[in-house]
Each structure stands twice: as structure tokens, then as C-alpha cells.
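Order of listing sets the numbers, starting from 1, for every ligand and every atom in it. Numbering of residues begins at 1 and proceeds along the displayed sequence. All heavy atoms count here, side chains included; hydrogens, waters and symmetry mates do not.
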Amino acid sequence: MKDNKEILVCGAGGFIGSHLVERLKREGFWVRGVDLKFPEFGKSVADDFVIGDLRNQEFCQKIFNRKYSQVYQLAADMGGAGYIFTGENDADVMYNSALINLNILSGCKEAKVERVFYSSSACIYPLHNQVDSNNPLCSEESAYPASPDSEYGWEKLFSERLYLSFIRNHGLPVRVARLHNVFGPECNYNDGKEKAPAALCRKVAEAKDGGEIEIWGDGNQTRSFLFIDECLEGVTRLMESDFAGPVNIGSEEMISINDLARMIIEISGKKISIKNIPGPTGVRGRNSDNKLIYEKLGWQPDYALRKGIEKTYQWILAQVKQNSASAF
Ligand code: NAD
């Protein structure tokens, strides 16, 4: 075991958390996962997996009964555009995630955890800097004056400030990353919380050759997408560094949603047309700005989007085939 170090991963039943647990286990750590649910697409490899609600202060206190060298806080009430931009889940998103963050921070402080990771988001960046799809501004200092376009973004901004205040006032060694659109195999793809790459892979996988898929908005909105392995590499490097952040962990390979769909269609080998329909889209343009991460960590993501999309499409295609086979 790696120096007998014990690690807590909050949100270990989710997409990033379950991949992180696998990575930490491969590196030789003892890992406890905690979540409302087990991972959906395979058994967790955590040494201990506790099912419980991190909004509950008593439960949260109990999981701090071990001496953790690191805590990764990934638990949040979140989802893709269909979940966070419709307005229907605003109260839950803010209330649930804020409670989780307050409870976990209090546990980390009492237990004197040696290092704490908090997953903030690119959604904290102001709307007014993301109105030009070709020229979005997402450098870290551009976060203020603040004006995120969703309550999800506002809660993340509040919580990253909360975590940073615990460095200043309680000496808690916190690291904060603003993650940009992470994707990969074993992500949500059909439960209403899926993000654009997974939703598009599913639509293409389900479509017949010669068919059509629907895309929300005019499809000219731009984003960048970060493959899960690169996300974990960035998070690990940040945790090992002396830099607290907040820092972007994202790809700078910006693409329009229509072009992303075309890429997936090409990978599928099918002939499929695109129909743009009204729907929640979020900001017009967003891209990671990696100057700061490169300056502080001497590293930045460079994995080609297409390689990650190929892996993700193959995984989602297999799920879609399995689902349709079990429907008979
Ligand atoms: P996810 O939804 O797959 O995982 C979050 C997990 O938190 C879920 O398994 C959920 O059950 C758990 N959770 C929610 N409420 C809980 C509660 N009350 N008690 C215990 N567990 C609870 O999301 P993800 O994609 O793995 O993202 C992980 C973190 O990274 C989140 O904080 C998210 O906001 C942040 N983030 C993700 C992305 C991305 O593109 N995936 C981008 C920016 C930021």
C-alpha cells in the first residue's frame, strides 16, 4: 500500500469519482468511496464503499473516522444542459451541493486532512465573456466581476470561495480546479443528466443508417471537451503541487456542437443528417484557457478530442446494443 495512505473520494459512485477510485487503487492507495449510490456501470474497486447522504451532517461526521491523507470532493447535484439550464432543478442544485460542501469541509477541518481537492466548474465563468462562439474568454482571473449563467455555476463559485477561505482562516491545504466538460466511457448517457458528447454518441448509436439526429440550438455554440484520463492526470498533478488554484483543467480544442456531431457520425460509419431544434444550450462559446495550468504545473492536456470520442462512442454503442438486446 502506498505509504499506508488512506484516501476518501466523495461522489465515488459518479462518473469522475469512479474513474478516480480506479486510478488511486492502481497507484496503491487504500480508498474509501462515499456516495448516494454505487457506480452504475461496474463494481467499485474501492476498499470500502459507504452509501449515504453527504447532506446529512451526522453521516458526514461518521465518515471522517479515519485519518485521510487526501479527500477528493466530487459529490454534487448536477447534470448536463437538460438538467442545469432548464431552471427546474435550481433549488436542488444550489441547496444540495452547498450542504454537501459545508459538511465535507467541516469534516476535513476537524480531521486535519493533509490535502483536499474541490471540483469547481467552467460554469462559473461570466455569461458576458462567452457570447462570441469563436472567441470566449475563460482565463481564471476573468471569473470576476461574476455573472455565471446558471445557479449551478453560482453554487460552484460560492463553494470554491468557501474552500479557499478555509486555507486562509484554518490552514486547510485545499486545491481547487475548474473542470471543463469531462467525458469518456462509463459516463451518464441516457438518464437526463448526460452531457453533449454522451448524448450525441447515444443519438448516433441509436440512429439508423440514413436517419437523422436532433441537436439543441443552432449547433454553432462551441465547447471544449476533456477526456477522463486527462482530467485525472490534471487533478493528480494539482494535488501534488504547491498551487492551490483555482485553475482550469480543460482542453483547448474548441469545437462547435454541430462539428462534434459530424465527428461522431463519421466515427459511426453511418450516413446521418442533423436537425437543429430549440432546446437548452448554455453559453454561446466556451473553451479552456491553459496558460495558468501550464505556468504552475508545467503540464496541460493534449489528448486529441477524436481519440477520446472514438473510445466513448464504442462504449456507448455497446450499451445501446446491450439495451436493445435485453428489450426482447
Ligand atoms: P456525477 O453526477 O457523475 O457524480 C456526482 C456524484 O455525487 C453522483 O454519483 C451522486 O450520486 C453523488 N451525490 C450527489 N448528491 C449526493 C449526496 N447528497 N450524498 C452523497 N453523494 C451525492 O458527476 P461527475 O461528472 O462525476 O462530476 C464530479 C464533480 O465534478 C461534480 O462536483 C461536478 O460538478 C464537477 N464537474 C464535472 C464536470 C464534468 O464535465 N463531468 C465539469 C465540471 C465540474
Pair Glu27 + Arg23, salt bridge at N-O below 4.0 Å: yes
Residue and atom name of the nearest protein heavy atom (relative to atom 3 (O) of ligand 1), distance in Å to one decimal: Phe15 N, 2.9 Å
Ser121-ligand 1 polar pair, N/O distance under 3.5 Å: no
Distance-only N or O hit between ligand 1 and Met78, under 3.5 Å: no
Arg306/Glu253 salt bridge by N-O under 4.0 Å criterion: no
Nearest protein heavy atom with distance in Å, relative to atom 29 (C) of ligand 1: Leu74 O, 3.1 Å
Considering all heavy atoms, the nearest Ala196-Ile257 contact: CB-CD1, 4.3 Å
Backbone N/O of Tyr189 and side chain of Arg202: donor-acceptor pair under 3.5 Å: yes
Numbered atoms and elements of ligand 1 in range of Lys37, under 4.0 angstrom, heavy atoms: 9 (O), 11 (O)
Asn248 to Ser139 - nearest heavy-atom pair and separation: ND2-CA, 4.4 Å
Identity and distance of the protein heavy atom lying nearest atom 14 (C) of ligand 1: Ala76 O, 3.3 Å
Atom 40 (O) of ligand 1: the protein heavy-atom neighbour that sits closest, reported with distance to 0.1 Å: Val182 N, 2.6 Å
Pairs where residues 207-223 contributes a residue and the test salt bridge (charged side-chain N to carboxylate O under 4.0 Å, His left out) is met, not counting sequence neighbours: Asp218-Arg284
Ligand 1 versus Asp53: contacting region, heavy-atom distance under 4.0 Å: both
Enumerated ligand 1 atoms positioned under 4.0 Å from heavy atoms of Gly52: 19 (N), 20 (C)
Closest to atom 4 (O) of ligand 1 (judged by heavy-atom distance), picking from Cys60, Gly14, Ala75: Gly14
Atom 9 (O) of ligand 1 - nearest protein heavy atom and its distance: Asp35 OD2, 2.7 Å
Structural part of Arg178 in contact with ligand 1, heavy atom criterion under 4.0 angstrom: neither
Heavy atoms of other groups near Tyr95 OH, more than 12 under 6.0 Å: no
SB check Arg115 Glu240 (cutoff 4.0 Å): no
Salt bridge flag under 4.0 Å for residues Arg237 and Glu233: yes
Polar contact flag for Val34 and ligand 1 (N/O pairs, less than 3.5 Å): no
For atom 41 (N) of ligand 1, the protein heavy atom that lies nearest, with its residue and separation: Lys195 NZ, 3.0 Å
Ligand 1 contact on Tyr152 by region, counting heavy-atom pairs under 4.0 Å: side chain
Nearest candidate to atom 17 (C) of ligand 1, where distance is taken over non-hydrogen atoms, out of Leu179, Ile16, Ile249, Leu36: Leu36
Ligand 1 atoms in contact with Gly13 (distance to a heavy atom under 4.0 Å): 9 (O)
Residue, atom name and distance, where the atom is the protein heavy atom closest to atom 19 (N) of ligand 1: Leu54 N, 2.9 Å
Geometric class of the Phe49/Phe38 ring pair [parallel <30°, tilted 30-60°, perpendicular >60°]: tilted
Test: Lys25 and Asp47 ion pair at under 4.0 Å: yes
Numbered atoms of ligand 1 (with element) below 4.0 Å of Ser120, judged on heavy atoms: 43 (C), 44 (C)
Ligand 1-proximal atoms of Gln73, by part, heavy-atom distance under 4.0 Å: neither
Side chain, backbone, both or neither: Ile100 near ligand 1, heavy atoms under 4.0 Å: side chain
Polar side chain donor-acceptor pair, Asn103 to Asn56, under 3.5 angstrom: no
Any Glu114 side-chain heavy atom under 4.5 Å of Tyr68 side chain: no
Distance-only N or O hit between ligand 1 and His180, under 3.5 Å: no
